Amino acid sequence: MSDNGRVVRVASGQGFWGDDLEAPVRQVEGGPIDYLMLDYLAEVTMSIMQKQRARDPNAGYARDFVSLMQRIFPACIKQGVRVVTNAGGVNPRGCAEALAEAGRTAGVAGRATVGLVTGDDLMDRLDSLLGEGHELRHMETGAPLCEVRERVQSANAYIGAAPIVRALEFGADVIVTGRSTDTALTYGPLMHEFGWAVDDVDQIAAGVVAGHINECGAQSTGGNCMIDWWQVPDLAAVGFPIVEVGADGAFVVTKHHGSGGWVTRASVTEQILYEMGDPTTYITPDVIVDFTSIQLDDQGDDRVRVHGITGRARTDFLKVSIAYSAGWKATGTLTYSWPDAAAKAKAADRVLRERLDRLGLRFDEMRTELVGWDSTHGALAGEPPADLPEVQLRVGVRADERASVERFTREIAPLVLTGPPSVTGFAGGRPRVQEIMAYWPALIERSVVEPHLVVDVKEV
Amino acid sequence: MARVQLVHVAHTRSGDKGDTANVGVIAYDSEHYDLLCSQLTADRVKAHFGSMVRGDVERFELPNLGALNFLLHGALGGGGTMSLMNDAQGKVFSTALLRIEIEVPDEVAHAVQGRGRMPADGAMRRSERTP
């Protein structure tokens, strides 16, 4: 077989919107790779992008991606590195247009093509879908979407690899999608390269695991690595993961020679468990993966072999990511110093609550944390000692009405002169009022979505 | 038998799915995986977190990785952008589980002493690593 021994290298360049801007540059310049995948989306990201598009119809995608491509587009074309990204967010068309413009500025006009995948956006079809009986019930609570229909701001189906494979067949050098499943950015190119079909479930399942290891960037190569973290070398120039995949799906996780971080059985295992649900049933649009089948061999020298992965046939449904307006919130902070820092912070919290109460303000939720004491371990942290050098009081409120949250933000700074002593850390001004975009995960028949997916490949 | 904190026996990673936090627990030494299984029951983990977890705790086993995965439902104050928590996405939720004490044979307690914590000379050891 011609694929015997052939290896396809898919490199990870971004693990989220806001990740290390230099990482993808290092991936392209640091050694041979075939594909660069850039994951920009998370549950929260889609709602942030949605807010941006609401203010500016040209926005709603990861602008970082466009400025990145302006830097690396020529090198990618020269080296034959194809780029696959979900940077399109809630506005993939706007993203692809900005990308083409960046390509012309970078001097690749006439030498590069951009693939655009659309059709994951269900917003314009939402009422007809509901009318046809698709209830889009919340996957956790079971509530039907009609309960919040008027407040829905965006609805996107998590789509599989088929449109990415199609765009690659059409010769696209860079592929921009909307709510592509994160892992599909890795296994899509593998399906294309090795000709895996939908019923090659074990191979695609392996590709999903490769994608899961890639999708959070350096989180598999020593970043945020708990085991012996103080020994991880050169995190300043941390190498992002590269998966070297064979035709049967077995692969090696590694990183460029000379880059920082490390790839070990432990670093890879930590990432495998990240955001894990039932490990026997990891559902993607193209396959169901059994993570209890994964075998890891640490080969040393920053190479971990991953094999033995099994999958089962995909379901008839796609997950839908829906964002809806769910009120307003704000968080205020003040810093109290020794002596009796925590007691002062708690006293300030009582004063604040009494003032809000006297103003007649009501909140759906009000939460007080002491950063430096209990904001991550809650009651497990116990009672704070009197000799704590300092602590940050952090108070958050949430309400349907913007006005009451707005008023809350004006009650923090006054505590500096009207509350307990030895307080600072208010120089940033009043807290910002944020609109809450809540997440509503639902399922929909794939047959309703997939015929609407469009792949459009254009020369830059 | 002796009681040791989980921090010496396992490392962890956590993440979020809506209002659910996941906590992956990985034995430093795969021989200790069975200890994790017998000691870290879903009920014990639920009791450990107390009011921090409003819903159920589910446990899944991954013997192939020497790891357990816990789903803590109703742990993130509504999750995502709804939450008022500093750790709204449960990024460090797993470290709270490292505080739990488990029962281990005396020789295991002895063997894992100091594991999982940065040694006092941690910075020095880093530079001493062989290239």
Side-chain angles (χ1 to χ4, degrees), chain A residues 42-44 47-48 138-140 216 219 224-233 265-266 269-280 291-296 308 323 326-327 329 331 365-367 369 371 375-381 394-398 434-439 441, chain B residues 10-20 22-26 28 48-52 55 58 60-69 71 73-74 77-100 116 118-119 122-123 125-126 129 131:
Chain A
E43 290 176 0
V44 175
S47 59
I48 295 169
H138 192 291
M139 285 172 70
E140 285 173 28
C216 294
Q219 214 174 212
N224 193 25
C225 181
M226 196 180 284
I227 184 168
D228 298 341
W229 62 266
W230 54 90
Q231 295 189 352
V232 181
R265 182 187 167 91
T269 303
E270 284 193 15
Q271 173 55 23
I272 287 173
L273 288 166
Y274 179 66
E275 290 185 347
M276 174 63 44
D278 176 350
T280 65
F291 273 50
T292 67
S293 65
I294 300 173
Q295 299 301 316
L296 300 179
K329 70 172 183 177
T331 305
E365 190 189 356
M366 184 163 177
R367 182 181 179 89
E369 296 177 335
V371 179
S375 84
T376 58
H377 288 192
L380 293 169
R394 184 179 189 279
V395 184
V397 297
R398 181 166 63 80
Q434 294 172 271
E435 185 175 10
I436 297 170
M437 285 287 174
Y439 182 65
Chain B
H11 56 120
T12 56
R13 173 157 302 172
S14 50
D16 68 318
K17 276 273 182 286
D19 196 20
T20 298
N22 96 294
V23 173
V25 179
I26 308 153
Y28 278 118
H48 175 73
F49 280 107
S51 61
M52 289 173 74
E58 288 182 274
F60 300 96
E61 298 174 5
L62 294 102
N64 54 321
L65 302 177
L68 294 172
N69 186 43
L71 292 184
H73 297 287
T81 64
M82 180 87 85
S83 177
L84 299 176
M85 295 167 67
N86 189 21
D87 189 23
Q89 290 170 269
K91 294 290 182 188
V92 298
F93 219 91
S94 70
T95 59
L97 185 59
L98 292 177
R99 292 172 172 273
I100 201 171
M118 188 175 79
R125 281 176 49 177
R126 182 198 174 293
R129 271 184 98 236

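This structure is a prediction, so every number in the text was calculated from the model and none was measured. When reading the values below, keep in mind they use all heavy atoms of this one structure, side chains included, and skip hydrogens, waters and symmetry mates.
- The minimum heavy-atom distance between A:I294 and B:N64, with the atom names listed, is O-ND2, 2.8 Å.
- Comparing A:L296, A:T331, A:D278 by heavy-atom pairs within less than 4.5 Å of chain B, the highest count is held by A:D278.
- Between chain A and the options B:V23, B:D19, B:T12, B:V25, heavy-atom pairs under 4.5 Å are most frequent for B:T12.
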**Prompt:** Step by step, would you call B:M118 with A:W229 a side-chain contact (heavy atoms from CB on, under 4.5 Å)?
**Reply:** CA-CA 8 Å; B:M118 188 175 79; A:W229 62 266; 3.7 Å; yes
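- Counting only heavy atoms from C-beta outward, the side chains of B:T20 and A:E140 approach each other to under 4.5 Å.
- When all heavy atoms are compared, the tightest approach of B:H48 to A:L380 is O-CD2, 3.3 Å.
- Inter-residue side-chain proximity for A:Q434 and B:T81 is flagged as unmet; no heavy-atom pair is nearer than 4.5 Å.
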**Request:** Take B:T95 and A:M226 through the test side-chain contact (heavy atoms from CB on, under 4.5 Å) and record every step on the way to the result.
**Result:** CA-CA 10 Å; B:T95 59; A:M226 196 180 284; 3.8 Å; yes
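- Contact of B:I100 with chain A is not made at all, since no heavy-atom distance falls under 4.5 Å.
- At a threshold of 4.5 Å between non-hydrogen side-chain atoms, the residues B:F60 and A:T280 do not count as touching.
- A distance of 13.0 Å separates CE of A:M276 from CG of B:L68, quoted to the nearest 0.5 Å.
- Of the two parts of B:S83, only the backbone, made up of N, CA, C and O, holds a non-hydrogen atom closer than 4.5 Å to a non-hydrogen atom of chain A.
- For the atom pair A:L273 CG and B:L62 CG, the distance stands at 6.0 Å (nearest 0.5 Å).
- Only the side chain of A:S47 comes within less than 4.5 Å of a heavy atom of chain B; its backbone N, CA, C and O stay farther away.
- Under the 4.5 Å side-chain criterion, counting only non-hydrogen atoms from C-beta, A:H377 is not in contact with B:V92.
- Atoms CD and CG, from A:E275 and B:N69 in turn, are 11.5 Å apart once rounded to the nearest 0.5 Å.
- Heavy atoms closer than 4.5 Å to chain A are found nowhere in B:F93, neither backbone nor side chain.
- A:V397 touches chain B through its backbone: at least one of N, CA, C or O sits under 4.5 Å from a heavy atom, while the side chain does not.
- Contact annotation for A:I48: neither backbone nor side-chain heavy atoms come within less than 4.5 Å of a heavy atom of chain B.
- When each of A:R265, A:Q295, A:E435 is checked for heavy-atom pairs under 4.5 Å with chain B, A:R265 comes out on top.
- A donor-acceptor pair is defined here as one N or O able to donate and one able to accept, closer than 3.5 Å; no such pair exists between the side chain of A:D228 and the backbone of B:G116.
- In terms of heavy-atom pairs under 4.5 Å with chain B, the best-connected choice from A:A323, A:G308, A:G277, A:C225 is A:G277.
- In summary, the side chains of B:K91 and A:Y274 do present a donor paired with an acceptor at a separation below 3.5 Å, with no hydrogens or angles considered.
- Within the model, atoms CZ of A:R394 and CG of B:L84 stand 7.5 Å from one another, a figure rounded to the nearest 0.5 Å.
- For chain B, the nearby parts of A:E270 are the backbone and the side chain; heavy atoms of each come within less than 4.5 Å.
- When each of A:G378, A:P279, A:A379 is checked for heavy-atom pairs under 4.5 Å with chain B, A:P279 comes out on top.
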**Message:** Please evaluate residues A:T269 and B:H11 with respect to the criterion side-chain contact (heavy atoms from CB on, under 4.5 Å), reporting the C-alpha separation (whole Å), side-chain torsions for both, the decisive distance (0.1 Å), and the verdict.
**Reply:** CA-CA 10 Å; A:T269 303; B:H11 56 120; 5.5 Å; no
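- The contact between B:L65 and chain A is made by backbone and side chain atoms together, counting heavy-atom distances below 4.5 Å.
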**Message:** Go through it in stages, so that I can follow the logic: the residues are B:M82 and A:M437, the test is side-chain contact (heavy atoms from CB on, under 4.5 Å), and I'd like the CA-CA distance, side-chain angles, deciding distance and then a yes or no.
**Reply:** CA-CA 7 Å; B:M82 180 87 85; A:M437 285 287 174; over 6 Å; no
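- In this structure, the portion of B:Q89 lying under 4.5 Å from any heavy atom of chain A is its side chain and not its backbone.
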